[in-house]
Amino acid sequence: GACIKFGCDGRENSTALYDVCGICNGDNSTCLIRKLFLDPIRPRGYHNMGVIPVGARNIVVRSVDVLDTFWLTIRHGGRQVFDGSVRGNWVNVYNRYMDSRVDYDNRNGRPKRLAVYGPLKFEIEIGFVSVSGANPRVALSYQDARRPR
């Protein structure tokens, strides 16, 4: 049999696509890109970078520098739902708990990068664990469709 193509609008043979905000046939203008950048020196241990709201998508956390003495984590309701402590790996998984694809680049000698594509069905807390107290210089950005421009 032949496959029938459907667009995001549910119509047969449609070319309609979701924009970066998750709007079918959108023009990428209905969501706000929020950014957070942490630059102070942090002591060893866990540090909360912030809470990402329900509906957010294209969440990207990256380190500015190459530093192999920290890893990134995701928590929900006090429970760790993603642990990036495994060294030297690149992970591309579907996280069933978050119902989203997660990419994590934790290879040695490269900047760390964590991406959660969403949209989130519940709030998540993004954080990192520092084992040296060195400055990880981590940047976080996401698209928040709840607050149009």
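Bear in mind that the values here come from a model prediction, so they are computed numbers and not experimental data.
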Exercise. Could you tell me whether the side chain of Leu140 reaches within less than 4.5 Å of the side chain of Ile52, counting heavy atoms only?
Key: yes
Quiz item: Is any side-chain heavy atom of Phe128 less than 4.5 Å from a side-chain heavy atom of Lys112?
Solution: no
Quiz item: When rounded to the nearest 0.5 angstrom, what distance separates CD in Glu123 from NE2 in His76?
Solution: 7.5 Å
Practice problem: Give, for atom CG of Asn48 and atom CD of Glu125, the distance between the pair rounded to the nearest 0.5 Å. | Solution: 3.5 Å
Exercise. Check whether Ile124 and Val60 end up in the same hydrophobic cluster, where Ile, Leu, Val, Met, Phe, Trp and Tyr are linked by side-chain heavy atoms less than 4.5 Å apart.
Key: no
Exercise. Identify the heavy atoms of Thr69 and Ser132 that sit nearest to each other, and give their distance.
Key: OG1-OG, 3.0 Å
Self-check item: Path from Val116 to Phe122 over hydrophobic side-chain contacts below 4.5 Å
Solution: yes
Quiz item: Looking at side-chain heavy atoms only, is the closest gap between Val138 and Phe70 below 4.5 Å?
Solution: yes
Practice problem: Determine whether Val131 and Leu114 fall in the same hydrophobic cluster, where Ile, Leu, Val, Met, Phe, Trp and Tyr are linked whenever their side-chain heavy atoms lie under 4.5 Å apart. | Solution: yes
Exercise. Report yes if some heavy atom in the side chain of Tyr117 is under 4.5 Å from a heavy atom in the side chain of Asn58; otherwise report no.
Key: yes
Quiz item: Is there a chain of hydrophobic side chains (I, L, V, M, F, W, Y, each step under 4.5 Å between heavy atoms) that links Val81 to Ile126?
Solution: yes
Exercise. Work out which heavy atom in Arg110 is nearest to a heavy atom in Val66; give both atom names and the distance.
Key: N-CG1, 3.6 Å
Quiz prompt | Nearest-0.5 Å distance that lies between atom CG in Asn25 and atom OG1 in Thr15 | solution = 7.0 Å
Quiz item: Between the main-chain N or O of Arg113 and the side-chain N or O of Asp105, is there a donor-acceptor pair closer than 3.5 Å?
Solution: no
Quiz item: With Leu120, which of Asp144, Ile59, Val54 fulfils side chain to side chain contact (heavy atoms under 4.5 Å, CB included)?
Solution: Ile59
Quiz item: Heavy-atom distance under 4.5 Å between the side chains of Tyr46 and Arg75, does that happen here?
Solution: yes
Quiz item: Shared ILVMFWY cluster between Val102 and Tyr97, side chains joined below 4.5 angstrom?
Solution: yes
Quiz item: Which heavy atom of Ala16 sits nearest a heavy atom of Cys24, and at what distance?
Solution: CB-SG, 4.0 Å
Quiz item: Can you check whether Leu72 reaches Phe82 side chain to side chain, under 4.5 Å on heavy atoms?
Solution: no
Self-check item: Where Trp71 and Gly84 come nearest, the two heavy atoms and their spacing
Solution: CB-O, 3.2 Å
Quiz item: Nearest heavy-atom pair of Ile4 and Glu12: which atoms, and what distance?
Solution: CG2-CG, 3.1 Å
Quiz prompt | Separation of Tyr104 OH from Ile74 CD1 (nearest 0.5 Å) | solution = 9.5 Å
